[in-house]
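Only heavy atoms go into these numbers, but all of them, side chains included; no hydrogens, no water, no symmetry mates. Protein chains get the first letters and strands the later ones, always in sequence-line order, with residue 1 at the start of each.
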Amino acid sequence: MLALSYPVETAIKMGAVLAVIPVGALILVYVFLFKMMSHMQSRLGPMEAGFHGTLQPVVEGVKFLQKEDLIPNGADRRIFALAPLVVIIATFLIYAVIPAGPDLVISNLDVGVFYALAVGSLSVLGVLMAGWASANKYSLLGSLRAAGQLIAYELPLVLAVVGVVIQAGTMSLSGIVEAQAEGEIFGFGGIGNPYILTQFIGFALFVVSSQAELTQAPFDMPIAESELVAGYMTEYSGFRFLFFFIGEFATAFALSAIAATLFLGGWYFPGLGTDGALANLAGPIVLMGKIMLMAFFIFWMRFTYPRLREDQLQTFAWKWLIPISLVNIAVTGVLKVAF
Amino acid sequence: MSGANVAFGVLAAVMAVSAIRVVTTKNVVHAALYLVLVLAGVAGIFILLAAEFLAIVQILVYIGAIVVLFLFGIMLTRAPIGRAPDLDNDQRAIGAVVAMFLFGVLGWILYDGFGDTQLQLRDVGRSGDVGASIFSTFVVPFEVISVLLLAALVGAVVIARRD
Amino acid sequence: MAQRGAPVGLVESGKVPKPLSWLLNYSRKYSLWVYQWGLACCAIEMGAAFGSPRYDVMRLGVIPLPASARQADLVVVSGTVTDKMAPPIRRLWEQMPDPKYVISMGSCANCGGPYWDSYSVTKGIDQIIPVDVYVPGCPPRPEALLEGIVLLQQRIQHEDMADRWRGEPLVVGGGPIS
Amino acid sequence: MPEIPGQGLVKGLGVTLRTMMRPAVTVQYPHDKEAPPTRARGVIALLEENCTVCMLCARECPDWCIYIEGHNDKAPPRREGGKPRTINILDRFDIDYGLCMYCGICVDVCPFDALFWSPEYEYSEINIADLLHDKRRLGEWMDTVPEPPPLEAGAQGKLRKGPAEARAKSR
Amino acid sequence: MYLMQFLVLAAFLFCVGVYGVLVRKNAVLVLMSIELILNSVNINLVALGVYRGYDQAIVGQVFSLFVIAVAAAEVGIGLAIVLLIYRNRASIDLSEVDLMKG
Amino acid sequence: MSDFLRSYLTVAILGGAAFLLVGGLLGLGRLIRPRRPQPQKYIPYESGVDPVGTGWSQSQIRYYVFALLFVLFDVEAVFIFPWAVRLEELALFGLVEMIVFIVILALGLVYAWRKGVLRWV
Amino acid sequence: MTITQHQQQAYIAGQAAEARLRFELETEGMTLNIGPQHPATHGTLRIVVRLDGEQVVWADPVCGYMHRGYEKLCEVRKYQQVTTLINRIDWLGHFANEVPFILAVEQLYDVEAPPRAQWIRTIFFEMARMANLGLFLGDMGVQLGAITPVFFAFRDREHVLNLMEAATGGRFHPNYDRVGGLKEDLPKGWVDECKEVMKRQREFCDEMEELLVGNEIFQTRTRGIGVIPQQIGLDYGLSGANIRASGVDWDLRRDRPTPLAWKEADWKVWTHPDGDSFARYWVRLQEVRESTKIVDQLLEGLPSGPVMAKMPARLRVPKGEAWVNTENPLGEMGYYVVSDGGPSGPFRCKIRSASFNNISIVPWLLRGVYVPDVITILASLYFILGDIDR
Ligand code: SF4
Ligand code: SF4
Ligand code: SF4
């Protein structure tokens, strides 16, 4: 890696990440929300704006830029305006620790995963702010539900990661990738040790809870259209709504990336090495592929399933996911100590 | 270390202002959100003090959980938008005097005691070391914590389950 | 109705360069979030246009996602508007953020249709909200609605943004209605 | 049959995946168009030559959306030396498609085969006044009127007159 | 960096918290003020730990961790009590709640 | 040391950059978006009718119980992480300690479960 | 069958919640408007629910947002004009609306349509049922949050509508019945196409079974939700699949003699003992299957002959009154037609539409349930706004 001075390096990183996040979110919107959903329903999805509708997400953005920005009477204007910012900044901050290659990481924190989870949990705040400040019943109910759900699934999400941390012995995401790359399964190290194999339960827990964390069906009550109109987003219009929308998909992108990093080996691809230029070049592509794979599963479920009821969802989290994840931790710990 | 000093200055200013707003604002939800700022500031301070793990814990537990708990509590006890007329009792002047006096005394003592002690930050407090420390020296308090949490849980369940 | 603030916008002052206004029009044209606003039989044909894979309105960039008026750009008034329903409709339309478009679908929404002599039906949605495109039929086939949408899109592509932005509030019967 | 938990969930995923793999059934409207069935009631076409201004259609129309005006005129006698005939000249024949409920009663009741259904449907307008089609426009729709389809086996009864037959009659 | 900085900041937070506890009538706000106090304590713990070298810094952090845990329990129970009071009295005004008087 | 602070500085800059991006976009929108007040535009959305009552309701206490459970278990998770990182060194002793810790808290969960707090009806 | 335990609990909870609301100032209930423009009410029904937290204390359906004055309009229309108007009552069951009216007028006039016409009427009646209930099968998914089923429903419904249009000229409002028969005969090739479509409809049913019915999430959302005990359902005058799902074996197609051709086919009336939302979905699913079977059989034996009885050019219905009800997709629908012998239209026309009675149970049913279940229950009751308000 070239030795760049800190300001230059930071500027490059910022430029990259500010470009990557919206683009990544838009890709998810296009590929999954528009195209995949449509094809699953034997339709085509957007076709007119650009070749096969490729410009559609861009057009959406520019459209929302032109929309009036309404703040309803009775709303708490400042908080109403700030809520989407909180959500989207929380999302952006997650990306700080996701490595896209041996050296391609904004900031390789020692507490990486932990940081990502902590920052990700901030969006609850934004949701509650939005619901409260809108002075709308649907919003309030929606935000309480959303917050209840987000925190209920925050836990299994956090606990599912513990198994990986135990195995890798580090919380740094780069460290976890390296541990997977260098690990071996029963002495066979050809493909490293993607933790999906040894931590399958953790992986399943993580996927299910990130589904809930993203408020995707079957866990999408907070924005359940047929009940609460649009939940906490009901009163939002124009660009502020777009922030929530983008935030949702950017979070999906981030969580897919984290899942890919934790369980699928992140940027590592067998044979490409764990450092050097090749890994740095191929890393982002490999990671992107894995992210798409993860996102495919997430959206596949979203477009297939009906949603659970709020209490069923809570029950599911507390009676199934959390006990299972606790057991998973204990078992992983025992195995780690035993071997 | 001037960068750190600048950071400290910014954080301290934000925290001071927000802390004052927490205790003076007329809206409970606003108070909670100002509290978020203070807590985030504390997380920043922890980072300046090289307590990385603690900073993240601060975010995860305080902001991500306790403040949410506060917000739930507020929304459960009705939180109208706008100013609530009487959040303070009529001891504002006394309170201010007491607080100011206390700050004066504390400040003086601190100045007296640690007037110009420099902080030497050599190593980053690694989370692993925190774990090691807990499990070597502080095993008993650690288990006590679990019992405490259990007690809190049981208590809250009992309270919440009136019927 | 005179509480319009001073024009802060670039568009309202009419100073948008050509390529930019083309881009803006283009994006409004292909991103019409349509409010799910079903009223009567026509709503089902609208549903077919939106929901039936055979027609698939999403191809044209008409996204039937929003459930709240706040995120909608377009509303298709599909079906009978009764006098009891008219005020909510007016309100929902007002609650949509500008720029917003209205398609009146079917005879009922156009003129009252089969209920032209009914005591409880509003004879034409254009009495309460301004309409951009009228789609005839009872009910119009889904393709007819698609045609209406294409027409609307042509209209959007060629419209003068400043006009749309400034667009005077609808005046019915000589005075503003509230 | 023992139920495996989650079986239904997996099956559901299978359905969507299968659908995704199949080609979409969409007809891309502005580019390709499906022809509606010949009987489709899209728009009413007027064969002006056949109309005798008898006003039956206007009277039977449940919406009163047909506007007809005519006047009497003398026409040259049919046979050499006969009396000049009185014929009705159609001055105005408008159908308000903003109001029409597409019931087809007018077409049914017209005793002189002057009205036909055309399956055309593309005539949305920006201005509602343009939905009032006058007799020229109604006449233009005549070009799009298809011949009626033959009947299913076992049917008795006569086929409706198609436009060609009606035209022939008007000569 | 001086140790002073941190200690004075903590003292300030502490005093603001005390002011809040004294002045606020709303029970939730009182709890928030208590949070301020606890945070100031945490800052002190960590700062003084750092002052005393790496090992003690870790110890300070562990202590803060415990404090946070205790704070969580305290808020939980505190708010639960507040809710209970609210449910029984339709008010969380501490000046109206005088449990001793029954 | 300064590497450490620097990495967090980067994080802070990222947050700032995100803020600027978002703010910039909003500002850009301000330039081109219209503003057309209409009398009913700012009434809270409620399916098109007059909003009834206030927007506030006292929501169920259950939300609170779940939130509380969450806080307590979050604290637990916080203790688990440093343990997980160093499990290899802590070995059996640490493992046993942690399992005791988890079990004690799990008891709480079981208690709440048995008391029916996890149910809604 | 007695009131189930769930109902009892819900009822008690509702009572308790309401009591709390009244007597304890502290719990401020929330009043929530669902509708008139709400995705859950498929149209313009407005339901005012009072909530305690997320629990419904009381729900009031407010209808009339789609009232178009049908009964009054019928009095100023001629018979032929009424036929085309009443297509629009239950706009999903379009053709099925015409039939009872025409039968009533035929009864007054004392004619009977030729057998071929009756058979074709029956076929279309069942196709209207498919178009109607098919949409329900998908829509229920949407209400529960699964977006895909409704697209399938619309996809396969198109085929039925195409058939409708090919024969009658209208996708929606066929206006195909005439007093004494039908407007015209079927076009060539229609029967073969129809058989194809019936196969597709059955495939659609299978697909729904895989996608929704078998889905555990769907089951947890619908089983035991909105249980209508048999007696209460009868008391509220429910009809159609709603009451059959509560175990009442009652189907006018079988139980009421009509000139239509149902008796010629071999089919089954499905019931379900549970009476919950799932049962209602399941019964409707079976009904669509059954309909395809009826159509298939009738197509096989379609008699030949004219489709119109000998009728005078001008219709003058003798003085008298008639009441005919049939088993429409949504339930029992009937017309009470009074003629004063005049040349124009009916003197009075009373319309009994199924949905109005079906939703009258809503306040009883919604008491004590949770907001998400409100949606499930409303969706599973399945009403059409036009059918409620007329
Ligand atoms: S125009 Fe016709 S189809 Fe549309 S709502 Fe009115 S009556 Fe129904
Ligand atoms: S179709 Fe019906 S409504 Fe339309 S003009 Fe003819 S008779 Fe009138
Ligand atoms: S009924 Fe036929 S002939 Fe008579 S006026 Fe109408 S179109 Fe002309």
Highest number of heavy-atom pairs under 4.5 Å with chain F: which of A:Val334, A:Ile89, A:Leu155?
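Ranked by heavy-atom pairs under 4.5 Å with chain F, first place is A:Leu155.
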Which one wins on heavy-atom pair count under 4.5 Å against chain F: A:Val113, A:Ile329, A:Ile166?
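Between A:Val113, A:Ile329, A:Ile166, the count favours A:Ile166.
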Do A:Leu205 and A:Ile324 come close enough that some side-chain heavy atom pair is under 4.5 Å?
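Heavy-atom side-chain distance check passes, below 4.5 Å.
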Which heavy atom of A:Leu117 sits nearest to which heavy atom of A:Glu154, and what is that distance?
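Closest approach of A:Leu117 to A:Glu154: O-OE2, 3.2 Å.
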Minimum heavy-atom distance between A:Phe92 and F:Leu14, given as atom pair plus value
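Between these two residues, the closest heavy atoms are O-CD2, 3.5 Å.
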Among F:Val96, F:Leu26, F:Leu21, who wins on heavy-atom pairs under 4.5 Å with chain A?
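Greatest number of close heavy-atom pairs with chain A: F:Leu26.
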Who among F:Leu28, F:Leu9, F:Val78, F:Ile99 has the most heavy-atom pairs with chain A under 4.5 Å?
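Ranked by contacts with chain A, first place is F:Leu9.
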Answer with side chain, backbone, both or neither: which region of A:Tyr115 has an atom nearer than 4.5 Å to a non-hydrogen atom of chain F?
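Only the side chain of A:Tyr115 comes within 4.5 Å of chain F.
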Is A:Ile88 in contact with chain F via its backbone, its side chain, both, or neither, using a 4.5 Å heavy-atom distance?
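Looking at A:Ile88, just its side chain touches chain F.
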My understanding is that only one of A:Phe243, A:Phe245, A:Phe244, A:Phe241 makes a ring-ring contact (aromatic ring centres under 6.0 Å, His included) with A:Tyr236; could you say which?
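Exactly one candidate clears the test, A:Phe244.
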Between F:Phe73 and A:Trp318, is the ring centroid distance below 6.0 Å?
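Close enough - the centres of the two rings lie under 6.0 Å apart.
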